[in-house]
There are 2 protein chains.
Amino acid sequence: MPDPIDSRLPETLRKLLPVEVQTLCAFSPCTRGDVLFRQGKKPARMLYLTRGEVVLQRVGRQGESVVLQRARRGFIGEASLESARYHCDAVVTASGEVVAMPIVSIRQALAADSAFARRWVSMLNQEVKRLRAQCERLSLRGVKERLLHLIETEGDAGRLPLGSGLKSMAAELGVSHEALYRAVAALEKQGMLLRQENHLILTGGV
Amino acid sequence: MPDPIDSRLPETLRKLLPVEVQTLCAFSPCTRGDVLFRQGKKPARMLYLTRGEVVLQRVGRQGESVVLQRARRGFIGEASLESARYHCDAVVTASGEVVAMPIVSIRQALAADSAFARRWVSMLNQEVKRLRAQCERLSLRGVKERLLHLIETEGDAGRLPLGSGLKSMAAELGVSHEALYRAVAALEKQGMLLRQENHLILTGGV
DNA sequence: CGTACTTTTGAATCGCATCAAATCTGGTGG
DNA sequence: CCACCAGATTTGATGCGATTCAAAAGTACG
């Protein structure tokens with residue numbers, strides 16, 4: 001008898017993954033500072049973040065770390081499905097939990113289960129869209145515009161959860177944290193923004 | 001008897017697409033200024049650029065156009081596979097040629113042909129990687145760093161074709177064209193960069 | 001040959017990075 | 001419980017680099 005499917009498995013994975021992969025899912029907690037994988041390492045397991053916050057980053061040649069993505073939920077480094085090596089680091093910035101599953105089993109399932117392949121394509125399409133939006137955001141001039149764009153595109157009806165504080169968000173926006181703090185303060189003074197319970201809330205404003 | 005496969009079909013598509021989709025490919029020239037599709041329109045055909053240059057852009061609320069991507073070869077807006085609407089405009093910036101195929105046939109092929117689905121996933125993975133690289137690039141401070149990063153990641157052994165000039169590249173890098181011209185000039189003076197035959201060439205340099 | 005565009009250079013201005021320092025916060029161990 | 005520490009938050013001052021506006025020169029194309 002195969003392993004029973006863990007009842008903690010999030011809805012998304014339940015709908016996405018075929019049963020035989022679901023039974024292979026393993027849960028593990030992750031704490032702030034953990035490194036889920038490192039650039040150059042060989043991927044063995046596909047990771048899905050259910051709680052907490054993870055940052056994908058790469059170190060430039062001057063040793064500065066560039067944030068590629070900040071994830072609060074979803075697959076971490078989906079491209080590792082076919083990559084021989086990770087091309088960035090994954091660092092936990094807020095404690096939470098990850099689901100791990102063998103990459104091999106996903107590859108097999110993609111080949112054998114066409115409905116699953118279709119769902120996987122759909123997931124990748126969403127990822128492409130999100131990344132295009134992030135590129136658009138990073139092309140904007142001015143911290144305020146980037147922040148508003150972030151809340152509009154990633155938020156839910158103008159509400160954006162803050163994860164592990166504004167500082168990590170600043171890195172994702174490609175600005176210094178000081179600049180972001182000032183932008184938030186200015187927008188609050190303008191009445192366009194509200195800070196409540198670890199959320200940024202967009203108000204109609206002036 | 002089905003249509004014969006057009007001999008102009010590029011190698012990439014020949015390897016990617018199943019034969020029944022290849023026979024449905026239609027070629028059409030595109031000239032500078034053409035709009036391949038517009039934000040909000042319903043996607044009917046999947047487009048693949050073989051020659052020329054196309055820019056995917058979205059207009060901000062102040063009417064400024066933000067470049068999401070600049071393509072010289074490859075699918076234009078793959079995400080339209082599942083989208084009800086395009087979420088950006090596609091404008092031709094350098095005359096060339098596009099291959100068009102019905103989206104419906106691709107969807108059908110994805111469902112019926114698991115090997116094709118696997119290749120499609122592979123293509124999307126590459127796209128995700130490229131977009132992550134672009135995000136990384138846009139996070140870099142300074143025009144020079146962004147330019148060097150572009151040549152390193154998108155170029156071929158330090159050689160990057162210039163498509164339709166530096167101006168469109170400036171938009172992709174998220175900087176003003178003046179700043180890019182100055183950066184190129186400075187890097188040339190430093191001996192790190194060379195301009196030849198519509199190419200930017202990275203030299204070991206000082 | 002004229003038109004439209006890119007390329008190039010100059011000058012003024014502004015926003016953000018950077019450095020610095022003070023305050024606040026949550027969490028730890030005594 | 002309190003002292004303490006590491007990190008986040010906040011505010012200030014300064015300088016650099018990019019944007020912006022402007023204008024001239026080069027270039028492709030009909």
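It should be emphasised that the depicted structure is a prediction, and the values quoted were computed from it without experimental measurement. Keep in mind that the numbers below use all heavy atoms, side chains included, and drop hydrogens, waters and symmetry copies. Each chain gets a letter, A, B and so on, in the order the sequences are listed, and its residues count up from 1.
At a threshold of 4.5 Å between non-hydrogen side-chain atoms, the residues Arg73(A) and Thr12(A) count as touching. Side-chain contact between Val92(A) and Leu49(A) is absent, with no heavy atoms from C-beta onward closer than 4.5 Å. Contact check for Gln57(B) versus Cys88(B): no side-chain heavy atoms found under the 4.5 Å cut-off.
Rounded to 10 degrees, the angle separating the terminal axes of the helix from dC1(C)-dG30(D) to dG30(C)-dC1(D) is 50°, with each axis obtained from five end pairs.
Separating the CG atom of Leu140(A) from the P atom of dC16(C) is a distance of 12 Å, rounded to the nearest angstrom. In this structure, Leu147(A) atom CG and dG15(C) atom P are separated by 17 Å, rounded to whole Å. Across the protein-nucleic acid pair, Leu138(A) atom CG and dC16(C) atom C1' stand 15 Å apart, rounded to whole Å. Here the C1' atom of nucleotide dC16(C) and the CD atom of Glu145(A) are 14 Å apart, to the nearest Å. If you measure from atom CZ of Arg32(A) to atom P of dG7(D), you get 8 Å, rounded to the nearest angstrom. Glu188(B) places its CD atom 12 Å from the P atom of dT7(C), with the value rounded to the nearest Å.
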Atom pairs and distances, donor-acceptor, side-chain atoms in residues 33-43 of chain A, under 3.5 Å, two or more places apart:
from	atom 1	to	atom 2	distance (Å)
Asp34(A)	OD1	Thr31(A)	OG1	3.3
Asp34(A)	OD2	Thr31(A)	N	2.9
Asp34(A)	OD2	Thr31(A)	OG1	3.3

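The residue Arg146(A) sits apart from the nucleic acid: no heavy atom pair falls under 4.0 Å.
The backbone N or O of Arg72(A) lies less than 3.5 Å from no partner atom in the side chain of Glu53(A), so there is not a single donor-acceptor pair. Listed for the Arg195(A) side chain is no donor-acceptor partner under 3.5 Å among the backbone atoms of Leu200(A).
Heavy atoms only, all atoms of each residue included: Leu47(A) and Ala100(A) are closest at CD2-CB, 3.7 Å.
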Under the side chain to side chain contact (heavy atoms under 4.5 Å, CB included) rule, what do Glu145(B) and Arg137(B) come out as? Steps first, then yes or no, please.
-> CA-CA 8 Å; Glu145(B) 291 211 10; Arg137(B) 188 179 311 132; over 6 Å; no

Nucleic acid footprint by protein, nucleotides 9-24 of chain D - heavy-atom cut-off 4.0 Å, B for base, S for sugar-phosphate alone = SBBBB----SSBBB--

